[in-house]
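Shown next, in C-alpha cells, is the structure this report addresses.
Chain identifiers are assigned alphabetically (A, B, ...) following the order of the sequence lines, protein sequences preceding nucleic acid strands; residue numbering begins at 1 within each chain. Here the structure is a predicted model, which is why all the values come from computation and not from measurement.
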Number of protein chains: 2
Amino acid sequence: MPDRTVPEVPLDRTSPVPLYFQVATRLQQLIEDGELPVGSRLENEVELAERLGVSRPTMRRAIAYLVERGMLVRRRGIGTQIVHPKVRRPVELTSLYDDLAKDGQSPRTEVLLLEVRRAPDHVAEALGVPGGLDITWIERLRFSGGEPLAIMHNAVPLDLLPLTEADLAERGLYELLRAAGHVPRMASQTVGAKAASATEARQLGDSRGAPMLTMVRTAWDEAGRAVEYGSHVYRASRYSFELTLTS
Amino acid sequence: MPDRTVPEVPLDRTSPVPLYFQVATRLQQLIEDGELPVGSRLENEVELAERLGVSRPTMRRAIAYLVERGMLVRRRGIGTQIVHPKVRRPVELTSLYDDLAKDGQSPRTEVLLLEVRRAPDHVAEALGVPGGLDITWIERLRFSGGEPLAIMHNAVPLDLLPLTEADLAERGLYELLRAAGHVPRMASQTVGAKAASATEARQLGDSRGAPMLTMVRTAWDEAGRAVEYGSHVYRASRYSFELTLTS
DNA sequence: TGACCACCTTTGTTAGAACAAAGTGTTGAC
DNA sequence: GTCAACACTTTGTTCTAACAAAGGTGGTCA
C-alpha cells in the first residue's frame, strides 16, 4: 500500500489547545472518516512535520497519542501504518447508569436504603482506609426498560459529598461524584458469577438459583483518593460487560 | 508532606535500555519499596533532572511513564505526588494459562477436539474476515489443582501457525501464538454469566444449572491482524476476572 | 547464483533552551 | 482586616539539533 499524503491541517497557534493535540485530533478524524484507509502508510514524520508546519517533537507527540490509542503502528525503518479506524480505548470507566443512558434505555432507580454508618471492615479495607471511616451506604435497584436489572450496594466516604435519595433516584452515582468534583479515574474490579439467592431473586423478579453476574469495584479519583466501593449483582440474562483491552 | 529526595540513580549510558526507562524503572522500584511513600511529593523535575544527570525531557518522559501507570500525579504549580505504591495497568492481556501458571497452579489441559475447518459465520465476523477463512478449531478442557476449571473453544486462522494437540496440551495458546511471532496486543471481550448446560455440567463435573462465567474474545496482534477468537465457559465457583481500568 | 556488505530510509533517544500557564503565597493598598 | 495585584514555583508546550538503531535494498564479489 503506497504512502498517503495527509491533507493540510489547520492550526491555531493562539488557541489554548496544544498543537500536538490539534494535529492528533485531525489525524484521528481523517482515519475515522476513511480518508486515510486502514493498511495505508503515513509519510515519514520528518516530512509530515515540515509540511504541517510543526516541529518533529510535536509531530511525534501527536502520532504517539494515536499509537497509544491503537489506531497507528510504528516500526523503525518501516514507517507508520494505520491499523484500526476506530479508537480502541483500554476500558471505559463508566457506571451502569452511564452505559444505559448512552444506549437510550432511560434507566430508573429505586433507592432501597440510604444511611450513614461506619464502614464495615471489608469496605474500609477496599477503600484503603485503616478503619473508623464514616460512609454513606446505599442499596439501589436499577431498572431498564421497565424490568429490574441489577441490585447495587455502594459505599461513598461521607466527607466527599452529601447524598440524598432524591438525587440518586434521578442521576447515577458517578454523575453525582463528577458533579462534586470527584472524577473517578481508576478502578479495580472483580467480575464473577453466582446463583441468585432467595432475596436477590425476589428483588430482581427472577427465580432462585438463576445465573447472576457479580461485580465488586473500588474507584479512585485523580489524586488517588478512594471515592467509591461497590458490590453489584446483575441479571445475567439481561446484562454483560464489554471490554477492550491492550497489552 | 515534605519533598522527598530521590536517591542516586545508577545510569548506564552504554546500555541499549533507554535512559528514561532506566530512571522510570528505578523510581518505580523506590515507590514500590516504600522509600518514596504514598502522599509524599517529589522534587521538581528540573532539579531532579540535574541531580540525576539527565536532561529535562528525559526526566519528564520517565515521570510521564509512571503517571500513565497511575503511580504519580502531577499538577502545574504544585508538583508531582505519589498516589499509589503499585503499578496500575489498564488491563493485562493474558490468557487463562498465563494467569494460572503465574500463580503457581500448574494448569493441565485436555484437548477435546482439534480440526481444520472453514470458519462459521459468527467466528468469521468476529475475526473481521468476510468469510471463507480456514481456521484451526480447538476445544479444550482446562484443569487447575486437579479440578476442571473451564471449557475453552478457540479459532485461530490457519495461516498463522500450525497447531498440534501435543503443543496445546503442554503450553497455553497465547504462549504458542507469541512464540510464532503473533503477539496479541489488543482484544475485545464480552463477559457474562449463564447456567451450565447438561454437556457443560458433565464436562466440568458440576451440576446442571450451576452458575458459569462466560467470556467471548477476539484478539489482534500489533499489526491489527486478528489472531484468535475464543468462547470460554468458567466455573463461577472457581474463577473470576480481575481488572484494573482507567478513564 | 547466492551470500554478505554498504547504504538509505525511518523511527527512537537525548540534549539544551525559551516561554506559557496554573497554583500558592505574600505584599501592599484601601 | 480584606482583597487584589504581584512574584515565585512548578509543570506544560514548543522548537532546534544531533546521533543511534533497525529494517530494507541493491550491489559486489566469490
Nearest whole Å is fine: how far is D:dT10 C1' from B:L42 CG? 13 Å
Across the strands shown, which category fits B:R60 at heavy-atom distances under 4.0 angstrom: base, sugar-phosphate, nothing? base
Atom pair CZ/CG of A:R178 and A:L161 - distance to nearest 0.5 Å: 13.0 Å
Counterpart residues, side-chain contact (heavy atoms from CB on, under 4.5 Å), relative to B:Q29 (two or more places apart): B:R26, B:D33
Does OP1 or OP2 of C:dT13 have a side-chain N or O of B:T58 closer than 4.0 Å? no
Pull out every protein N or O sitting under 3.5 Å from an N or O of nucleotides 18-21 of chain D, one pair per line with the distance.
from, atom 1, to, atom 2, distance (Å)
D:dA18, N6, A:R56, NH1, 3.4
D:dA21, O4', A:R76, NH1, 3.1

Does a nitrogen or oxygen in the side chain of A:Y20 sit under 4.0 Å from OP1 or OP2 of D:dT13? yes
Provide, to the nearest angstrom, the distance between the CD atom belonging to A:E45 and the P atom belonging to C:dT13. 11 Å
Touch check for B:P57, heavy atoms < 4.0 angstrom, all strands: base, sugar-phosphate only, or nothing? base
From C:dT10, C:dT11, D:dT11, pick the nucleotide closest to the side chain of A:R41? C:dT10
Measure the distance from CZ on B:R74 to C1' on C:dA21 and round it to the nearest whole Å. 14 Å
On DNA chain C, does the nearest nucleotide to A:G79 precede the nearest nucleotide to B:G53 from the 5' side, or the other way round? Give the residue. A:G79
What donor-acceptor contacts under 3.5 angstrom involve side-chain atoms of residues 117-128 of chain A, with partners at least two apart or in another chain?
from, atom 1, to, atom 2, distance (Å)
A:R117, NE, A:E115, OE2, 2.8
A:R117, NH2, A:E115, OE2, 2.7
A:R118, NH2, A:D134, OD1, 3.4

Quick one: ring-ring contact (aromatic ring centres under 6.0 Å, His included) partners of A:Y65, sequence neighbours excluded? A:F21
Check whether A:E165 reaches the backbone of A:L114 with its side chain - one donor and one acceptor, N or O, closer than 3.5 Å. no
Rounded to the nearest Å, what distance is computed from the CD1 atom of residue B:I78 to the P atom of nucleotide C:dG23? 7 Å
Gap between atoms CD and P, on B:E50 and C:dG16 respectively (whole Å): 10 Å
Taking only N and O in the side chain of B:R13, is any of them less than 4.0 Å away from OP1 or OP2 of C:dA15? yes
In a table with atom names and distances, give each donor-acceptor pair under 3.5 Å that connects a side chain of residues 225-232 of chain A to protein atoms at least two apart or in another chain.
from, atom 1, to, atom 2, distance (Å)
A:E228, OE1, A:Y174, OH, 2.9
A:E228, OE2, A:N154, ND2, 2.6

Rounded to whole Å, CG of A:L11 lies from C1' of D:dT14 at a distance of 12 Å
OP1 or OP2 of C:dT11 sitting under 4.0 Å from any side-chain N/O of A:R75? no
In this structure, how many angstroms lie between the P atom of D:dC8 and the CD atom of B:E47, rounded? 18 Å
Phosphate OP1/OP2 of C:dT10: any A:T80 side-chain N/O under 4.0 Å: no
Rounded off to whole Å, could you give me the CG-to-P distance for the A:N44 and C:dC8 pair? 16 Å
May I have all residue pairs that pass salt bridge (charged side-chain N to carboxylate O under 4.0 Å, His left out) and include part of residues 72-84 of chain B, sequence neighbours excluded? B:E45-B:R74
